[in-house]
Amino acid sequence: MQPGDSLVTFSSLRTLFIESANFAALLESVCQLKHLRYLSLRSCTDISRLPENIHELKFLQHINLEGCGGIVKLPDSIVKLRGLRYLSTNDTHVNSIPRGFRALTNLWVLFGFPTYMDGDWCSLEELGPLSQLKELGLKSLENVLEASSIAKARVGAKQYLTALTLECSSRLGDDGLLKARVSNEEQQKIEVVFDVICPLPCLEYLDIKGYFGRQLPRWMMWTTKVPLENLRTLWMTDLSCCTQLPDGLCRLPCLEFLQVNRAPTIKSVGDEFLQPRSQRHHHSSQTMVGFPKLHTLILSGMLEWEEWGWQEKVQAMPALEEFFLKNCKLGYIPPGLSTHARVMK
């Protein structure tokens, strides 16, 4: 691609996929592709924006800007693309969205949505009317000042939502340790924000990154009124201040994959990880087996973890195929694990 090149000769183009290329020279001619439905500019690091007249692509349904680190802002006219179904700004520096984003009511997939405040207005409010969302990724959630702002996003009312990513800026350094002290006020505020999110049981995939509360959200626990009974995949990364894993994960009937990566303040994993408190003192033939469908368990970067309570009679993880353990102080593998899983250290 050379300066002066143009896409105008491809006037019937429906799909344009560019990856790891210098695309800035062709950027302005994109809007001449009047029939374009699919636009993916992955890792095109020389572009810093989308054309301001992007709204002229009236049939555009898919925009992927993943890895375009030079992009910091979306054009205001993007809110006129009423047919847009997919938008990803993952791994970019987009830190704001135009007001009126709520007009994109046909969106199914939205990744890398930035949380920021502008006076009394919070960007999350724009998500409220987007009732068709199936996959949603929110970042910079530490910027929420009031729980009412996240409530207006109405995550808990999105009945088609099957995948959710919740991200805060990590408080951990490259060594996996806390970079700076997190105040009690900061911890309490982020705990309230995450508690309000409360997705519906249709959720199948959950990814939590950079969370710095002491306790994970209550809606993750089986004891909640609306448990995540369809959850299949759970990732938790950079839990800088969490002191324990949530109770009741063991009762999620569909959970197949669980990964905890970098949780330096967890020192002990108790019996409640494998068996709910309500069952611990009841010996019944109908007692539920913990983690009935879990086939992959990855525990990494739990630097202070040295104790794992596992009673001999407790049945758990009968389907486990792979157990990966790295960077912790745990001196033993519970006998119930080693008999039926391939253990990697």
For the pair [X] and [Y], find out whether any cationic side-chain nitrogen is under 4.0 Å from an anionic carboxylate oxygen.
X: K134; Y: E204; result: no
X: E56; Y: K34; result: yes
X: D118; Y: R99; result: yes
X: D238; Y: K209; result: no
X: K267; Y: E306; result: no
X: K293; Y: E256; result: no

Is there a side-chain contact (heavy atoms from CB on, under 4.5 Å) between N64 and L39 once you walk through the steps? CA-CA 6 Å; N64 184 6; L39 176 63; over 6 Å; no
Could you work out, with side-chain contact (heavy atoms from CB on, under 4.5 Å) as the rule, every residue matching W305, not counting sequence neighbours?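 Residues passing side-chain contact (heavy atoms from CB on, under 4.5 Å) with W305: V269, L299, M302, W308, L325, C328, L330.
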Nearest atoms (heavy-atom pairs only) where [X] meets [Y]:
X: M236; Y: L249; value: CE-CD1, 4.4 Å
X: P98; Y: V79; value: CG-CG1, 3.9 Å
X: S29; Y: L7; value: OG-N, 3.1 Å
X: L172; Y: S240; value: CD2-CB, 3.5 Å
X: Q259; Y: N261; value: NE2-CB, 3.8 Å
X: L303; Y: G176; value: CD1-O, 3.9 Å

With heavy-atom distances below 4.5 Å as the criterion, would you say the side chains of [X] and [Y] are in contact?
X: F113; Y: S123; answer: yes
X: L166; Y: I197; answer: yes
X: T233; Y: L206; answer: no
X: T89; Y: I71; answer: no
X: L60; Y: I54; answer: yes
X: F23; Y: L16; answer: yes
X: E66; Y: E19; answer: no
X: F101; Y: L87; answer: yes

Spatial distance of atom SG (C250) from atom CG (L274) [nearest 0.5 Å]: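 Interatomic distance, C250 SG to L274 CG, rounded to 0.5 Å: 6.5 Å.
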What distance separates L127 CG from K158 NZ, expressed to the nearest 0.5 Å?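 With rounding to 0.5 Å, CG (L127) is 6.0 Å from NZ (K158).
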Should [X] and [Y] be counted in the same cluster of Ile, Leu, Val, Met, Phe, Trp and Tyr side chains packed under 4.5 Å apart?
X: L27; Y: L13; value: yes
X: L74; Y: W121; value: yes
X: L200; Y: L110; value: no
X: V182; Y: L216; value: yes
X: V94; Y: L141; value: yes

Is there a salt bridge (charged side-chain N to carboxylate O under 4.0 Å, His left out) between E28 and R49 once you walk through the steps? CA-CA 10 Å; E28 292 303 325; R49 59 180 179 83; 2.6 Å; yes
Counting only N and O atoms by type, is there a donor-acceptor contact under 3.5 Å from the side chain of [X] to the main-chain atoms of [Y]?
X: K139; Y: T165; result: no
X: T265; Y: C242; result: yes
X: S77; Y: E52; result: yes
X: S170; Y: G210; result: no
X: N106; Y: R82; result: yes

Evaluation steps, ring pair (Phe, Tyr, Trp, His ring centres under 6.0 Å), between F273 and F291: CA-CA 9 Å; F273 181 64; F291 296 103; 5.1 Å; yes
Please lay out, stage by stage, how Y211 and E191 fare under the test side-chain contact (heavy atoms from CB on, under 4.5 Å). CA-CA 9 Å; Y211 180 72; E191 286 174 3; 3.2 Å; yes
Is the closest side-chain donor-acceptor distance between [X] and [Y] under 3.5 Å?
X: T296; Y: E322; value: no
X: E186; Y: S183; value: yes
X: R262; Y: N327; value: no

Does V30 form a side-chain contact (heavy atoms from CB on, under 4.5 Å) with L57? I'd like the steps, not just the answer. CA-CA 9 Å; V30 165; L57 300 177; 4.0 Å; yes
By the definition side chain to side chain contact (heavy atoms under 4.5 Å, CB included), identify the one residue from R171, Q187, R181 that meets it with C241.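 Only match with C241 under side chain to side chain contact (heavy atoms under 4.5 Å, CB included): Q187.
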ILVMFWY cluster membership beyond Y160 - transitive side-chain contacts under 4.5 angstrom: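 None; Y160 is a cluster of one.
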Other ILVMFWY residues reachable from F111 by side-chain steps of under 4.5 Å: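 The other cluster members (ILVMFWY side chains, heavy atoms under 4.5 Å, direct or chained) are Y86, W108, V109.
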Residue pair N230, L203: steps toward the side-chain contact (heavy atoms from CB on, under 4.5 Å) verdict: CA-CA 6 Å; N230 290 296; L203 200 68; over 6 Å; no
Testing W235, F324, Y205 for ring-ring contact (aromatic ring centres under 6.0 Å, His included) with F257, which one passes?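 When W235, F324, Y205 are each tested with F257, the ring-ring contact (aromatic ring centres under 6.0 Å, His included) holds only for W235.
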Take E142 and S169 through the test side-chain hydrogen bond (donor to acceptor under 3.5 Å, both in side chains) and record every step on the way to the result. CA-CA 7 Å; E142 71 276 6; S169 300; 2.7 Å; yes
So with a 6.0 Å cut-off around CZ of F10, is the heavy-atom count from everything else above 12?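 Not more than 12 within 6.0 Å, no.
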With a 6.0 Å cut-off (strictly less than), is the heavy-atom count around CZ of R154, excluding the residue itself, greater than 12?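 Check fails, neighbour count at 12 or below.
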